[in-house]
Amino acid sequence: MPDSVLGEVVITRPLAQAGELARRVTALGRKATVFPLLDILPLADQVPLQQALRDLSGYALIAFVSPNAIDAALAARAGWPRDIPMAVVGEGSRLALARHGLTAENSTIISPTDPDRTDSETLLTELDLPALRNKQVLIVRGETGRPLLSEALRAAGAQVTLLAAYRRVAPVFDETRRRELKRLLHGQNDWIVTSSEALRFLTQMVAQLDEAESVAKMQQQRIFASHLRIAETAQLLGFSNITVTRSGDDGLLAALQSRT
């Protein structure tokens with residue numbers, strides 16, 4: 001199918017994480033447009049994070065909820081201990097650890113074994129929950145996040161500490177972004193969405209446009225959701241053309257290829 005019929009592939013990840021996926025989309029012969037719906041920012045005060053990471057010896061497990069959590073934590077502490085097991089959700093987080101020199105060859109890294117489903121639910125099935133009873137577990141995340149992992153660990157008897165390492169905020173909706181969003185809404189495009197929060201930010205941006213039909217145009221766009229939870233959010237927000245893909249970039253790209 002010609003690219004003009006397929007439209008653009010709009011990648012909504014934070015800017016720092018969008019480049020590689022954009023390159024792979026382009027390699028498929030599609031036009032990739034990066035339109036971030038989340039900005040990842042450092043904490044205003046880094047001291048509490050640095051202090052919390054100074055002594056990790058008491059933890060039986062350190063869980064990172066995202067590549068952003070890994071990058072922020074390892075930037076805040078030099079010489080990351082390799083004797084403490086780490087838990088991560090997806091391939092992106094494994095790659096982030098590898099960029100910092102932490103791999104399966106020198107560290108214990110626990111993650112979902114099914115590449116088609118990588119989330120907190122499947123990570124929990126990989127953890128030895130009885131062994132964590134009465135043990136200290138550190139979860140490194142953004143200032144906000146899903147409580148599922150921490151609640152499940154606490155229910156299993158673990159003593160959980162939540163540590164904020166970065167902030168997620170909506171990008172500034174300036175005139176340049178307004179024009180770009182209007183342009184995208186005048187076509188029929190494929191939007192890759194990997195965060196429910198980002199999708200909510202998108203609908204807030206669309207509602208601020210001065211064109212009466214903007215909301216309807218947005219709801220007619222094709223949404224490629226990397227998780228069922230995101231698809232459910234899209235449905236609640238009025239989207240009807242939704243494709244749930246397998247987890248990870250390979251799953252997203254396979255879904256896009258099925259349209260060609």
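Atom set for the values below is all heavy atoms of this structure, side chains included, hydrogens, waters and symmetry mates excluded.
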Worksheet item: Which heavy atom in A255 sits nearest to a heavy atom in T243, and how many Å separate them?
Response: CB-CG2, 4.5 Å
Practice prompt. List the steps, then state whether side-chain contact (heavy atoms from CB on, under 4.5 Å) holds for T125 with T113.
Written response: CA-CA 10 Å; T125 66; T113 54; over 6 Å; no
Worksheet item: Between the side chain of E197 and the main-chain N/O of A170, is any donor-acceptor distance below 3.5 Å?
Response: no
Fill in: Verify same cluster id: L153, L162 (apolar side-chain graph, 4.5 Å)
yes
Worksheet entry | Side-chain heavy-atom pair V65, V89 within 4.5 angstrom cut-off | no
Discussion item. Is there a side-chain contact between F239 and R222 in this structure, where contact means two heavy atoms from C-beta onward sitting under 4.5 Å apart?
Written reply: no
Worksheet item: Counting only N and O atoms by type, is there a donor-acceptor contact under 3.5 Å from the side chain of H227 to the main-chain atoms of R229?
Response: yes
Practice prompt. Look at the side chain of D190 and the backbone N and O of F224, then say whether any donor-acceptor pair between them is shorter than 3.5 Å.
Written response: no
Discussion item. With a 4.5 Å cut-off on side-chain heavy atoms, are T194 and L252 touching?
Written reply: yes
Practice prompt. Please check if any side-chain donor atom of T103 sits under 3.5 Å from a side-chain acceptor atom of E105, or the reverse.
Written response: yes
Worksheet, complete the sentence: The reported gap from CZ in F201 to CZ in R168 (rounded to nearest 0.5 angstrom) is 8.5 Å
Discussion item. So which atom in A225 and which in A231 form the shortest heavy-atom distance, rounded to 0.1 Å?
Written reply: CB-N, 3.8 Å
Discussion item. Salt bridge or not between E151 and R154? Use side-chain N to carboxylate O under 4.0 Å.
Written reply: no
Fill in: Note, S196 side chain near E232 side chain (heavy atom, < 4.5 Å)
no
Item to complete: For residues A87 and L127, report the shortest heavy-atom separation together with the two atoms involved.
Response: CB-CD2, 4.2 Å
Worksheet item: How about R24 and D250: do any of their side-chain heavy atoms sit closer than 4.5 Å?
Response: yes
Discussion item. Donor-acceptor pair, distance only, cut-off 3.5 Å: does the side chain of R200 make one with the backbone of T233?
Written reply: no
Practice prompt. Decide, yes or no, whether a salt bridge links R23 with E20 under the criterion of side-chain N to carboxylate O below 4.0 Å.
Written response: yes
Worksheet entry | Passing candidate, side-chain contact (heavy atoms from CB on, under 4.5 Å) with I223, options V244, V193, L237 | V193
Worksheet item: Does one hydrophobic cluster hold both Y59 and L132, with members joined at side-chain heavy-atom distances below 4.5 Å?
Response: no
Worksheet item: Does a side-chain heavy-atom distance below 4.5 Å link L28 with V9?
Response: no
Worksheet item: What's the spacing between Y166 OH and D39 CG if we round to 0.5 Å?
Response: 13.0 Å
Worksheet item: Can you hop from I242 to I230 via hydrophobic side chains spaced under 4.5 Å?
Response: yes
Item to complete: To the nearest 0.5 Å, tell me how far L253 CG sits from T245 OG1.
Response: 9.0 Å
Worksheet entry | Rounded distance [0.5 Å steps], CG in L95 versus NE2 in H100 | 11.5 Å
Worksheet item: Do the ring planes of W80 and F64 sit parallel (below 30°), tilted (30 to 60°) or perpendicular (above 60°)?
Response: tilted
Worksheet item: What is the minimum heavy-atom distance between R94 and A104, and which atoms define it?
Response: NH1-CB, 4.5 Å
Discussion item. Contact between P81 and M86 at the side-chain level, heavy atoms closer than 4.5 Å - yes or no?
Written reply: no
Item to complete: May I ask you to test the L199-L37 pair for a side-chain heavy-atom distance under 4.5 Å?
Response: no
Worksheet item: Run the side-chain contact (heavy atoms from CB on, under 4.5 Å) check on V172 and R177 step by step: do they pass?
Response: CA-CA 8 Å; V172 175; R177 286 179 61 81; 5.8 Å; no
Discussion item. To check you understand the geometry: which heavy-atom pair defines the closest contact between A156 and L129, and what is its length?
Written reply: CB-CB, 4.0 Å
Discussion item. Under 4.5 Å between side-chain heavy atoms, counting indirect links through other Ile/Leu/Val/Met/Phe/Trp/Tyr residues: same cluster for L184 and M205 or not?
Written reply: yes
Worksheet entry | Shortest non-hydrogen contact between L123 and P112, atoms and distance | N-CG, 3.8 Å
Discussion item. If hydrophobic clusters are built by linking Ile, Leu, Val, Met, Phe, Trp and Tyr wherever their side-chain heavy atoms come under 4.5 Å apart, do L163 and L97 end up in the same one?
Written reply: yes
Worksheet item: Measuring from Q235:CD to L228:CG, what's the distance to the nearest 0.5 Å?
Response: 8.0 Å
Worksheet entry | Check: G7 main-chain N/O paired with R30 side-chain donor or acceptor under 3.5 Å | yes
Discussion item. Using the rule given for side-chain contact (heavy atoms from CB on, under 4.5 Å), can you reason through I192 versus L256, listing the C-alpha separation, both sets of side-chain angles and the distance that settles it, and then say yes or no?
Written reply: CA-CA 9 Å; I192 291 179; L256 286 173; 3.8 Å; yes
Discussion item. I'd like to know if the side chain of E211 reaches the main chain of V206, judged simply by a donor and an acceptor atom lying under 3.5 Å from each other, with no hydrogens or angles considered.
Written reply: no
Discussion item. How long is the straight-line distance from NZ of K135 back to CD of Q159, given to the nearest 0.5 Å?
Written reply: 10.5 Å
Worksheet item: Just by modelled atom types, is the L138 backbone N or O under 3.5 Å from a matching donor or acceptor in the T161 side chain?
Response: no
Fill in: Main-chain N/O of P42 paired to R167 side chain as donor or acceptor, under 3.5 Å
yes
Worksheet item: Is the side chain of S107 donor-acceptor paired with the backbone N or O of I109 at a distance under 3.5 Å, no angle test?
Response: no
Discussion item. Pair R77, L56 - check side-chain contact (heavy atoms from CB on, under 4.5 Å), show working.
Written reply: CA-CA 11 Å; R77 174 193 161 124; L56 299 174; 4.0 Å; yes
Discussion item. Tell me if a side-chain donor or acceptor on E143 pairs with a main-chain N or O of L43 at a distance below 3.5 Å.
Written reply: no
